[in-house]
Amino acid sequence: MKDHEITKTLVSEDEVKKTVQRLGAEITTHYGQLDKELIVIGLLRGSFIFMADLVRQIKIPLVVDFLTLSSYGDGTVSTGDVKVVMDLDSSIEDRDVLLVEDIVDTGRTFSKVIRMMGNRNPRSLKICTFLNKPEARVVDIKIDFCGVDIPNEFAVGYGLDYAQRYRNLPYVGVLNPG
Ligand code: IMP
Ligand code: MG
C-alpha cells in the first residue's frame with residue numbers, strides 16, 4: 001500500500017478512539033439494566049474492526065453475532081441489491097438488538113437490513129454506525145448512535161475497503177481516484 005494513494009484524512013486515529021469511547025458510553029447509558037444480554041450484530045465485513053473496538057466500550061453484558069450481506073461487488077456505487085450471504089447464528093426474537101454498521105451512505109443497505117431484522121420480532125432494534133454520509137442519503141433512516149458525519153467522498157480504512165483493500169488502515173482516509 002502506498003501512502004500517496006490516500007489523499008486526505010477524514011477521521012484520525014485519535015478521533016477514531018474518542019468516537020468509539022463516546023458511542024460505547026452512549027450505548028451503555030441507553031440500555032442500562034436488561035433482563036437478557038444485549039445482542040450486538042455486526043454487518044460483515046466492513047464493521048469488524050469498529051465492532052471489536054465498540055463492544056469493549058460497552059459496559060453491560062452482551063453477546064455478538066454477525067450478518068454477511070452482498071451488495072457492492074467491487075465498485076464504489078451502492079446498488080441497493082442486498083442478499084444475505086451468511087445469516088445470524090441465533091434467534092433475535094424478543095431480544096434487544098443493536099445493529100452495527102461501518103457506514104451509512106445511501107441508506108439502501110441498512111433500510112433493508114432493518115426491515116429484515118424487524119420481521120424477526122426483536123424486543124427492540126437500534127442502529128449504530130461509525131460513519132455517516134448525510135449528503136448521500138436516498139432512503140431515510142433513523143440512526144440511534146452515530147459516530148462521525150463525513151462528506152460525500154469514498155472513504156477507506158478502519159474496516160472500510162476499496163476492492164477489499166485498505167481495511168487495515170488505523171484511520172479513515174479518502175482514496176485518490178486516479
Ligand atoms: P448504502 O447502502 O449506500 O448505505 O451503503 C452501505 C454499504 O456500502 C456500507 O456498508 C459499505 O460497505 C459500503 N460503502 C458505502 N460508502 C462507502 C465508502 O465511502 N467507502 C467504503 N464503503 C462504502
Ligand atoms: Mg458494509
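Numbering of ligands and ligand atoms starts at 1, following listing order. Keep in mind that the numbers below use all heavy atoms, side chains included, and drop hydrogens, waters and symmetry copies.
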Notebook entry, point to check: Can an N or O of F110 be found at a distance shorter than 3.5 Å from an N or O of ligand 1?
Noted result: no

Next item on the list: Using a strict cut-off of 4.0 Å, indicate which atoms of ligand 1 neighbour a heavy atom of R108.
Entry: 2 (O), 4 (O)

Next item on the list: Run the salt-bridge test on D87 and R120 with the 4.0 Å N-O cut-off and return the result as yes or no.
Entry: yes

Next item on the list: Assess whether salt bridge (charged side-chain N to carboxylate O under 4.0 Å, His left out) is satisfied between R137 and D140, documenting all intermediate values.
Entry: CA-CA 7 Å; R137 196 74 87 256; D140 196 32; 5.6 Å; no

Next item on the list: Check E153 against ligand 1 and report side chain, backbone, both or neither, counting heavy atoms closer than 4.0 Å.
Entry: backbone

Item checked: Ring centre gap for Y171 and Y158 strictly below 6.0 Å -> no

Check: For G107, is at least one N or O under 3.5 Å away from an N or O on ligand 1?
Finding: yes

Check: Are the side chain of R22 and the backbone N or O of K17 linked by a donor-acceptor pair below 3.5 Å?
Finding: no

Checklist line | Heavy-atom nearest neighbour of atom 21 (C) of ligand 1 within options A155, S47, A136, S111 | finding: A155

Check: Do R165 and E5 meet the salt-bridge criterion of a basic N to acidic O distance under 4.0 Å?
Finding: yes

Margin query: Among residues at least two apart in sequence or on other chains, which ones pass ring pair (Phe, Tyr, Trp, His ring centres under 6.0 Å) with F66?
Written below: none

Check: Between D161 and ligand 1, which residue portion shows a heavy-atom distance shorter than 4.0 Å: side chain, backbone, both, or neither?
Finding: backbone

Notebook entry, point to check: Taking only heavy atoms of T109, which atoms of ligand 1 are found under 4.0 Å from at least one of them?
Noted result: 1 (P), 2 (O), 5 (O), 6 (C)

Next item on the list: Given salt bridge (charged side-chain N to carboxylate O under 4.0 Å, His left out), test D94 with R123 step by step and report yes or no.
Entry: CA-CA 4 Å; D94 207 26; R123 197 172 93 124; 5.5 Å; no

Checklist line | Test item, L160 contacting ligand 1 (heavy atom, 4.0 angstrom) | finding: yes

Check: Which of the atoms of ligand 1 are close to E101, meaning less than 4.0 Å from one of its heavy atoms?
Finding: 9 (C), 10 (O)

